[in-house]
Amino acid sequence: MIRLYNTLTRKKEDFQTLEPNVVKMYVCGVTVYNDAHVGHAMSAIVFDIIRRYLEYRGYTVRHVMNYTDVDDKIINRANQLGEDPLKLSQRYIEDYANDLKNLNVLPATSNPQVSKTMPLIIEFIQGLIQKEAAYAASNGDVYFSVAEDKDYGKLSGRKLDDMQAGARIEVGEAKNHPMDFALWKAAKPGEISWDSPWGKGRPGWHIECSAMNLAELGEQIDIHGGGNDLIFPHHENEIAQTESYTGKQFSRYWIHNGMLQLGGEKMSKSLGNIVSIKDFLKTRDADVMRMLVLMGSYRAPLIFNDETQDAAEKSLERIKSALRPASPSSSGLSAGSAAELTAQAEATRKSFVEAMDDDFNSPLALASLYELVKAINTARDNGATDSQLEPAQKMLRELTGVFGLQLKEKTGSSENEAKVIALIAERNEARKQKQWARSDELRDQLKAMGVSIEDSKDGTTWRWG
RNA sequence: GGCGUCGUGGCCAAGUGGUAAGGCAAGGGUCUGCAAAACCCUCACCACGGGUUCGAAUCCCGUCGACGCCUCCA
């Protein structure tokens with residue numbers, strides 16, 4: 001039984017889907033107006049791991065991730081660049097999709113866009129007005145009426161009275177209640193807009209997700225996810241809109257990832273402390289980003305610095321070490337020892353699943369993986385053959401695959417490869433002659449080319465990296 | 001000011017009532033011509049102060065501190 005932490009109840013709960021074996025999961029994507037950063041990567045990876053794990057446990061996952069392509073910031077940026085806003089956002093949609101691919105994040109089942117959901121959004125707003133959950137104001141805006149929603153604030157644990165509305169946000173005079181939020185914003189001159197019963201305008205920030213959810217997954221879904229900075233107001237407002245509209249519980253489970261932190265602060269566009277996904281991938285492997293995420297709880301803040309990145313990189317190296325072949329002269333393990341290794345593989349699978357079943361406890365699941373790593377390496381040291389290592393290595397691949405780790409060995413160019421082989425042959429000759437100085441010189445030379453050398457009784461092996 | 005999350009070894013981090021997983025780093029060792037990799041060994045009483053309990057990192061109260069949200073934000 002999978003248990004997961006539900007923001008709505010602030011408790012871990014047994015996971016039960018609306019339909020057997022199917023998970024309807026909606027994850028808030030990004031607003032597309034510039035390069036995505038590693039904080040976005042964290043969120044995407046968290047839900048990618050959740051999705052992969054649910055699939056591993058036999059569920060069919062309908063994974064929807066939206067793109068917010070109509071928004072103030074997009075309009076501002078488009079104005080700056082003198083570009084059509086929808087063209088600009090489309091460009092960044094493709095760009096983000098590419099980033100995700102490079103991070104080995106599986107494509108969502110569908111990626112709806114606000115600009116392509118306009119009729120449904122308008123219909124949704126009309127429905128809310130009919131139910132008197134919303135009202136058209138004199139200025140052409142349409143607002144959601146929070147006072148009419150008796151359980152408004154249930155996700156974020158806020159009460160309307162406690163929120164100092166207007167303290168930091170300007171209260172529009174057209175609003176009935178200071179906390180009322182816009183479903184539809186009247187267009188300013190020259191702004192991109194769509195026709196509606198309330199005149200030209202565009203949707204407010206929250207209604208799109210409610211509408212796209214409805215369009216893609218129906219009135220009720222299993223999991224709604226996103227960064228914990230979205231709990232309020234975004235997700236709170238989504239609940240208010242959708243539940244007012246359908247009269248049913250919207251999402252059964254709300255899952256929120258913690259914030260990635262750089263220098264003790266949340267990484268965000270507005271703070272400007274940003275490392276883009278592209279810049280990250282220039283110097284580190286995609287696996288490193290994923291390992292960083294796996295090392296901690298998805299709900300906790302993720303400390304992003306050189307030290308944690310180095311640690312992640314080294315940990316990956318260790319896992320990779322277990323995937324390497326047996327030594328050439330291996331004489332074979334006793335049948336008993338080989339059976340022990342296979343048993344360890346199965347034990348690891350069990351503890352891995354047990355850990356992940358408990359609210360996706362990846363640090364604990366990783367610990368069980370290291371146990372298997374150690375068993376494989378010990379078996380190899382003791383002379384296991386490739387066929388004896390195989391079941392355990394296959395299991396390790398299977399489980400790291402659930403995490404979405406690729407564990408690729410580095411590669412160099414093939415023209416260099418011939419040179420490497422020649423240098424190693426030369427070095428082996430030198431070693432035979434006990435010309436250690438020459439031998440070490442050649443090793444340094446290879447190292448400079450990015451080649452690691454390992455000598456053993458059976459001769460010399462090498463690899464890139 | 002309100003709401004929420006949290007404070008575990010040098011760093012990252014699991015554990016939420018029975019005497020502290022794991023990874024990285026560090027030190028020692030096996031192996032090696034020397035290395036590297038791998039393997040073995042060593043390395044914490046859990047922010048502070050009270051309380052509950054036979055027993056607390058784990059429950060309660062208080063203090064201090066950090067972070068997130070209350071405005072766009074993954």
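Quick note on labels: first sequence line is chain A, next is B, and so on, each numbered from 1. Treat the numbers as computed from the prediction; the structure is a model and nothing was measured.
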Using only heavy-atom distances, determine whether the side chains of Ser321(A) and Asn377(A) contain a donor-acceptor pair under 3.5 Å.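 Present: a donor and an acceptor within the cut-off.
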Determine the Euclidean distance between corresponding [atom1] atoms of [M] and [N]; express it in Å to zero decimal places.
N      : M      : atom1 : result
G17(B) : U32(B) : P     : 49 Å
G28(B) : C67(B) : P     : 38 Å
U53(B) : G65(B) : P     : 31 Å
G4(B)  : C61(B) : P     : 13 Å
C6(B)  : A57(B) : C1'   : 14 Å
C45(B) : G2(B)  : P     : 37 Å

Looking at every strand, decide which applies to [X] at a 4.0 Å heavy-atom threshold: base, sugar-phosphate, or nothing.
X         : result
Gly258(A) : base
Gly39(A)  : base
Ser270(A) : base
Lys314(A) : sugar-phosphate
Leu366(A) : nothing

Could you let me know what [N] is paired to, Watson-Crick or G-U wobble, both distances under 3.5 Å, or none if it's on its own?
N      : value
G62(B) : C48(B)
C69(B) : G2(B)
A38(B) : U30(B)
A21(B) : none

Would you check, one step at a time, whether the test side-chain hydrogen bond (donor to acceptor under 3.5 Å, both in side chains) holds for Thr308(A) with Asn305(A)? CA-CA 6 Å; Thr308(A) 57; Asn305(A) 59 33; 3.2 Å; yes
Does the side chain of [X] get closer than 4.0 angstrom to OP1 or OP2 of [N] through an N or O atom?
X         : N      : result
Arg438(A) : C34(B) : no
Lys374(A) : G22(B) : no
Arg318(A) : C24(B) : yes

Of Phe360(A), Phe352(A), Tyr53(A), which meets ring pair (Phe, Tyr, Trp, His ring centres under 6.0 Å) against Phe403(A)?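 It is Phe352(A), the one option of Phe360(A), Phe352(A), Tyr53(A) that forms the ring pair (Phe, Tyr, Trp, His ring centres under 6.0 Å) with Phe403(A).
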Within the 4.5 Å heavy-atom criterion, are Leu183(A) and Tyr143(A) side-chain neighbours or not? no
Mind calculating the distance between CG (Leu294(A)) and C1' (G22(B)) to the nearest angstrom?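 Spelled out: CG on Leu294(A) to C1' on G22(B) is 13 Å.
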What is the distance, to the nearest angstrom, from the CD atom on Glu236(A) to the P atom on C70(B)?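 Spelled out: CD on Glu236(A) to P on C70(B) is 13 Å.
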Less than 4.0 angstrom from a charged side-chain N to a carboxylate O is my criterion; do [X] and [Y] meet it?
X         : Y         : result
Glu346(A) : Arg349(A) : yes
Asp141(A) : Lys185(A) : no
Glu243(A) : Lys154(A) : yes
Arg438(A) : Glu426(A) : yes

Both Asn228(A) and Ser368(A) contact RNA chain B. Taking the nearest nucleotide for each, which residue is further toward the 5' end? Ser368(A)
Please figure out whether Ser156(A) or Met267(A) has its closest RNA chain B nucleotide nearer the 5' end.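 Closest to the 5' end, via its nearest nucleotide, is Ser156(A).
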Confirm from the modelled atom types if Asp455(A) and C34(B) form a donor-acceptor pair under 3.5 Å, side chain to base only.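 Answer is yes: a donor-acceptor pair is held.
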Is a donor-acceptor pair below 3.5 Å formed from side chain Arg443(A) to base A35(B), judging by atom type as modelled? yes
What string of B, S and - do you get for nucleotides 10-16 of chain B, 5' to 3', when a contact is any protein heavy atom under 4.0 Å? -SSSSS-
